[in-house]
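Reckoned from all heavy atoms, side chains included, excluding hydrogens, waters and symmetry mates. Each ligand, and each atom within it, is numbered from 1 in the order the structure gives.
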Amino acid sequence: MVPQGHENVTTLIEFFKSKGLNELDLVILSACHTIGRSSCYSILHRLAKPDPTLDIQYWKQLRKKCRRGWDLVDLDVTTPKTFDIAYFTNLQKKLGLLSTDSALYTNQMTAAFVDATVSQPSLFESQFAASMVKLGNVQVLTRKNEGEIRLNCNSVNRNY
Ligand code: HEM
Ligand SMILES: *[C@@H]1O[C@H](CO)[C@@H](O)[C@H](O)[C@H]1NC(C)=O
């Protein structure tokens, strides 16, 4: 089970905790969304009416870009192809694409981690590495029949 993108911040924190990851890991790992794109399906629930957690100009821009559910939009509107802390400065400016991104700036503790990362960008890369190692140790398959290790990340293996 992985979060789908509609969860509130309490649910995200609980889900991460159930895997041994804390609030800092949640915030830091969410910065994966500094690159890549999302289908519009994942944000349609934010577009129907202006969303107070979304910058209004950004909301208008997204409404224009999202003509169809399968249209794609950048996760990081500022520097979509660069691995940097713009993901966090976006959150401060209500420019988070997914509602789960915006949600990180609505909780006291997670918002404090966002602000801390922005004020000390040099800490980001080492913390990202540490949190990725923790993520990599979640539910590691060690025996037959525990689950499958995908040969292609995008789909279940044939004959599974
Ligand atoms: C905090 C919980 C997370 C949620 C709720 C979440 C949710 C999502 C959603 C809804 C999308 C867009 C899917 C679509 O409609 O196309 C997405 C894309 C993406 N996510 Fe996450 N995600 C989370 C954490 C992570 C983490 C920890 C990583 C990296 C380790 C990550 C890396 C990515 C990448 C790279 C993309 C873009 C994929 C592409 O461009 O094809 N996400 N995520
Ligand atoms: C978050 O979502 C869960 C599950 O849908 C719900 O039980 C809870 O009341 C929600 N919490 C807040 C603060 O909205």
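Looking at Asp71, its side chain never comes within 3.5 Å of a backbone N or O of Cys66 through a donor-acceptor pair. Proximity of a side-chain donor or acceptor of Asn137 to a complementary backbone N or O of Val133 within less than 3.5 Å is detected. Remark: side-chain polar atoms of Asp25 are not paired, donor with acceptor, to backbone N or O of Lys134 under 3.5 angstrom.
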Gln127 and Ser131: CA distance, side-chain angles, deciding distance, side chain to side chain donor-acceptor pair (under 3.5 Å) verdict: CA-CA 6 Å; Gln127 186 55 54; Ser131 294; 3.1 Å; yes
Criterion side chain to side chain contact (heavy atoms under 4.5 Å, CB included) on Gln92 and Thr89, from CA distance to verdict: CA-CA 5 Å; Gln92 294 175 322; Thr89 49; 4.0 Å; yes
Residues Ile43, Leu47; criterion side chain to side chain contact (heavy atoms under 4.5 Å, CB included); working and verdict: CA-CA 7 Å; Ile43 57 159; Leu47 300 183; 4.1 Å; yes
CA sep, side-chain torsions, deciding dist, call: Asp74, Leu97, side chain to side chain contact (heavy atoms under 4.5 Å, CB included): CA-CA 8 Å; Asp74 292 325; Leu97 181 72; over 6 Å; no
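Annotation for Glu125: atom CD does not count as buried by contact number, only 12 or fewer foreign heavy atoms lying within 6.0 Å.
Listed here is the closest heavy atom pair of Val118 and Pro121: O-CD, 3.4 Å. Contact detail for Leu54 and Gly96: the closest heavy-atom pair is CD2-O, 3.4 Å.
For the salt bridge (charged side-chain N to carboxylate O under 4.0 Å, His left out) condition, the pairs that include at least one residue of residues 37-54, sequence neighbours left out, are Arg46-Asp51. Pairs passing the ring pair (Phe, Tyr, Trp, His ring centres under 6.0 Å) check and including a residue from residues 103-144, sequence neighbours excluded, read Phe83-Phe124, Phe83-Phe128, Phe88-Phe124, Phe124-Phe128.
A donor-acceptor contact closer than 3.5 angstrom is absent between the side chains of Ser99 and His6. Between Ser30 and Asp101, the side chains place no donor N or O within less than 3.5 Å of an acceptor N or O (distance only, hydrogens not considered).
Near Leu26, the atoms of ligand 1 lying under 4.0 angstrom from a non-hydrogen atom of the residue are 1 (C).
For atom 21 (Fe) of ligand 1, the nearby protein N/O/S atoms, meaning those under 2.8 Å, are His33 NE2.
The protein heavy-atom contact nearest to atom 16 (O) of ligand 1 is Ser39 N, 2.9 Å. For atom 10 (C) of ligand 1, the closest heavy atom belonging to the protein is Gln4 O, 3.2 Å. Regarding atom 12 (C) of ligand 1, its nearest protein heavy-atom neighbour is Ser38 OG, 3.3 Å. Here the protein heavy atom with the shortest distance to atom 5 (C) of ligand 1 is Pro3 CB, 3.5 Å. Here the heavy atom of the protein found nearest to atom 38 (C) of ligand 1 is Arg37 O, 3.8 Å.
Distances from atom 15 (O) of ligand 1 to the heavy atoms of Ala103, Ser99, Ser42 show the closest one on Ser42.
Between Thr100 and ligand 1, a contact under 3.5 Å exists for no N or O pair. In terms of polar-atom proximity, defined here as any N/O pair under 3.5 Å, Glu7 makes no such contact with ligand 1.
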Kindly print each ligand 2 N/O atom paired with any protein N/O atom under 3.5 angstrom away, one pair per line, or none if nothing qualifies.
{"from": "ligand 2", "atom 1": "2 (O)", "to": "Asn8", "atom 2": "ND2", "distance (Å)": "2.3"}
{"from": "ligand 2", "atom 1": "2 (O)", "to": "Thr11", "atom 2": "OG1", "distance (Å)": "3.3"}
{"from": "ligand 2", "atom 1": "11 (N)", "to": "Asn8", "atom 2": "ND2", "distance (Å)": "2.9"}
{"from": "ligand 2", "atom 1": "14 (O)", "to": "Asn8", "atom 2": "ND2", "distance (Å)": "3.3"}

